[in-house]
2 protein chains.
Amino acid sequence: MFSKACEYAIRATLLVASHSLMDERVSVKDIAEATASPVAFTAKIMQQLNRCGILYSVQGKQGGFEMTKEQMQATKLSQIVTLIDGDRVFTGCGLGLRECNALKPCPLHERFSSVRGELKAMLDETTVLDLALGLKDGLTFLRT
Amino acid sequence: MFSKACEYAIRATLLVASHSLMDERVSVKDIAEATASPVAFTAKIMQQLNRCGILYSVQGKQGGFEMTKEQMQATKLSQIVTLIDGDRVFTGCGLGLRECNALKPCPLHERFSSVRGELKAMLDETTVLDLALGLKDGLTFLRT
DNA sequence: CAGAAAAAGGATAATTTTGTCCTATTTAAA
DNA sequence: TTTAAATAGGACAAAATTATCCTTTTTCTG
């Protein structure tokens, strides 16, 4: 469904958010540990998330990553997915056709569009804050 | 969503089915052409589809691939997906966690399970025959 | 100021997925 | 019976994704 990179990106963002709710800053090392992700790969992803303003970084000793509550509210999961994986999962044809639309549909077009629409709606409606709350309260988890 | 191999597999199967509805046998070359897929790669996929009985092949000159109407009716899209991509798309965690369930859910678990369930239901309810009919009638397409 | 901890970023490696090539085997038709 | 067209299948190549390593820069703390 999503690429590994995208899974790591969402897990990392949610971890940073849940810690920011408790006014804690987290390092890449901590993020990787808490989300069971490869450290260096996660570091690259954090740079992307920082560059596009989903969260922000503080360099130097005692540095790390943080999010404001505004960022958590403003960031929908669909944005993270689009940033890392592009919009193929939201707009692409289920059978991989370049051009597939109501005028020239693939055999699966109608049924697939419907499901894809629900996926997009769900990710559009879900903010980072929505998910970070349950994580902070220990109701949900980011690793086994 | 699905791998390239899986997209090719579904496209190829539907093409074979639509031709079989007209009592025509199709070669790998024709399938690749009609579905805009790489020939040799498609050939490998056809072997898989043949081995597991989704369709059948006839070797030698004038050979190719065919499906019986029974095969078309019996084969649900979910079977092809599972054959090529495994069941990760149907059962896997949206955030890639190994163990993610109601007891120890990831932050996205509930919302994601719902969408994934709709996808599975759609692919379970859709047979190859369902889709091959529109294709035979020129209502849907497998390439631009 | 010196040292250490942390992000930034470039280069490279490993793995997986996708794609190609070539030979062997099968079978219909001339 | 020979030839050609087709699938079967093994080996290999290319590309994309995932992952690691190393150096530089930043900044806090002693």
Side-chain angles (χ1 to χ4, degrees), chain A residues 1-13 15-16 19 24-67 81 83-86 88-89 92 95-96, chain B residues 1-13 15-16 19 24-67 81 83-86 88-89 92 95-96:
Chain A
M1 184 78 75
F2 308 130
S3 67
K4 284 273 178 200
C6 186
E7 292 172 355
Y8 296 153
I10 297 173
R11 304 214 299 254
T13 302
L15 185 85
V16 171
H19 279 261
E24 289 170 6
R25 188 179 286 167
V26 271
S27 67
V28 167
K29 191 161 156 287
D30 294 339
I31 295 168
E33 160 68 20
T35 63
S37 309
V39 182
F41 196 53
T42 300
K44 294 300 161 80
I45 292 167
M46 297 315 292
Q47 290 176 26
Q48 281 193 75
L49 295 169
N50 177 46
R51 273 190 230 111
C52 78
I54 285 176
L55 40 70
Y56 66 93
S57 72
V58 177
Q59 291 194 19
K61 193 166 176 178
Q62 299 292 89
F65 296 87
E66 285 183 58
M67 286 185 92
V81 172
L83 172 70
I84 307 292
D85 284 349
R88 198 173 157 283
V89 71
L95 302 188
Chain B
M1 184 77 78
F2 308 130
S3 68
K4 285 276 177 199
C6 186
E7 292 173 355
Y8 297 153
I10 297 174
R11 304 215 300 253
T13 303
L15 185 87
V16 170
H19 279 261
E24 290 169 7
R25 189 179 287 167
V26 273
S27 68
V28 167
K29 191 161 156 287
D30 294 338
I31 294 169
E33 160 68 20
T35 63
S37 309
V39 181
F41 196 53
T42 300
K44 293 299 161 74
I45 292 167
M46 297 314 294
Q47 289 176 27
Q48 280 193 75
L49 294 169
N50 177 48
R51 274 191 229 110
C52 78
I54 286 176
L55 39 71
Y56 65 93
S57 72
V58 177
Q59 290 193 19
K61 194 167 178 175
Q62 300 292 87
F65 296 87
E66 285 183 60
M67 287 185 91
V81 172
L83 172 69
I84 307 291
D85 284 350
R88 196 172 158 283
V89 72
L95 302 188

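Below, chain A is the first sequence line, B the second, and so on; all start at residue 1.
For A:D30 and C:dA6, the CG to C1' distance is 11 Å, given to the nearest whole Å. Protein atom CD of A:E66 is 14 Å distant from nucleotide atom P of C:dA6, rounded to whole Å. A straight line from CD of A:Q48 to C1' of C:dA7 spans 15 Å, rounded to a whole angstrom. Following rounding to the nearest Å, B:Y56 (OH) and D:dT7 (P) show an atom-to-atom distance of 14 Å. A straight line from CD1 of A:I45 to P of C:dG9 spans 15 Å, rounded to a whole angstrom. Atom P of nucleotide C:dA8 and atom CD1 of A:I31 are separated by 10 Å, given to the nearest angstrom. If you measure from atom NZ of B:K29 to atom P of C:dT20, you get 15 Å, rounded to the nearest angstrom. Taking atom NZ of residue B:K4 and atom P of nucleotide C:dT20, one finds them 12 Å apart after rounding to whole Å.
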B:I84 and B:S3: CA distance, side-chain angles, deciding distance, side chain to side chain contact (heavy atoms under 4.5 Å, CB included) verdict
CA-CA 8 Å; B:I84 307 291; B:S3 68; 4.1 Å; yes
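Closest approach of A:R88 to B:M1, counting heavy atoms only: NH1-N, 4.1 Å. Residue B:I54 comes nearest to B:M67 through the heavy atom pair O-CE, 3.0 Å, listed as atom of the first residue, atom of the second, then distance.
Taking for each of B:V58 and A:C6 the nucleotide of DNA chain D with the nearest heavy atom, the 5'-most of the two is the partner of B:V58. Heavy-atom distances to DNA chain C give each of A:G63 and A:K44 a nearest nucleotide, and the one nearer the 5′ end belongs to A:G63. Comparing A:K61 and A:T42 along DNA chain D, the residue whose closest nucleotide (by nearest heavy atom) sits nearer the 5' end is A:T42.
Phosphate proximity of C:dT25 to B:Q59: absent, as no side-chain N or O sits under 4.0 Å from OP1 or OP2. Under 4.0 angstrom from either OP1 or OP2 of C:dA5 there lies no side-chain N or O belonging to A:Q62. Phosphate contact (OP1/OP2 of D:dG9, side-chain N/O of B:R51, threshold under 4.0 Å): present. A sub-4.0 Å separation between OP1 or OP2 of D:dT18 and a side-chain N or O of A:Y8 is absent. Contact annotation: A:N50 side-chain N/O to C:dA8 OP1/OP2 distance is under 4.0 Å. Side-chain nitrogen and oxygen atoms of B:S57 include none within less than 4.0 Å of the OP1 or OP2 phosphate oxygen of D:dA6.
Of the candidates D:dC28, D:dT20, C:dT18, the closest approach to any side-chain atom of A:F41 belongs to D:dT20. Looking at the side chain of B:Q47, the nearest of the listed nucleotides D:dG9, C:dG19, D:dA4 is D:dG9. In the set D:dT7, C:dG19, C:dA29, D:dT7 carries the atom at the smallest distance from any side-chain atom of B:F65. Of the candidate nucleotides C:dT18, C:dA28, D:dT20, D:dT20 has the atom nearest to the side chain of A:A40. Of the candidates D:dT18, C:dG9, D:dT7, the closest approach to any side-chain atom of B:V28 belongs to D:dT7.
Side chain of B:T42 to backbone of B:A40: no donor-acceptor contact under 3.5 angstrom is found. Between the side chain of B:R25 and the backbone N or O of B:G64 there is no donor-acceptor pair closer than 3.5 Å.
Between B:F65 and B:Y56, the ring centre distance reaches or exceeds 6.0 Å.
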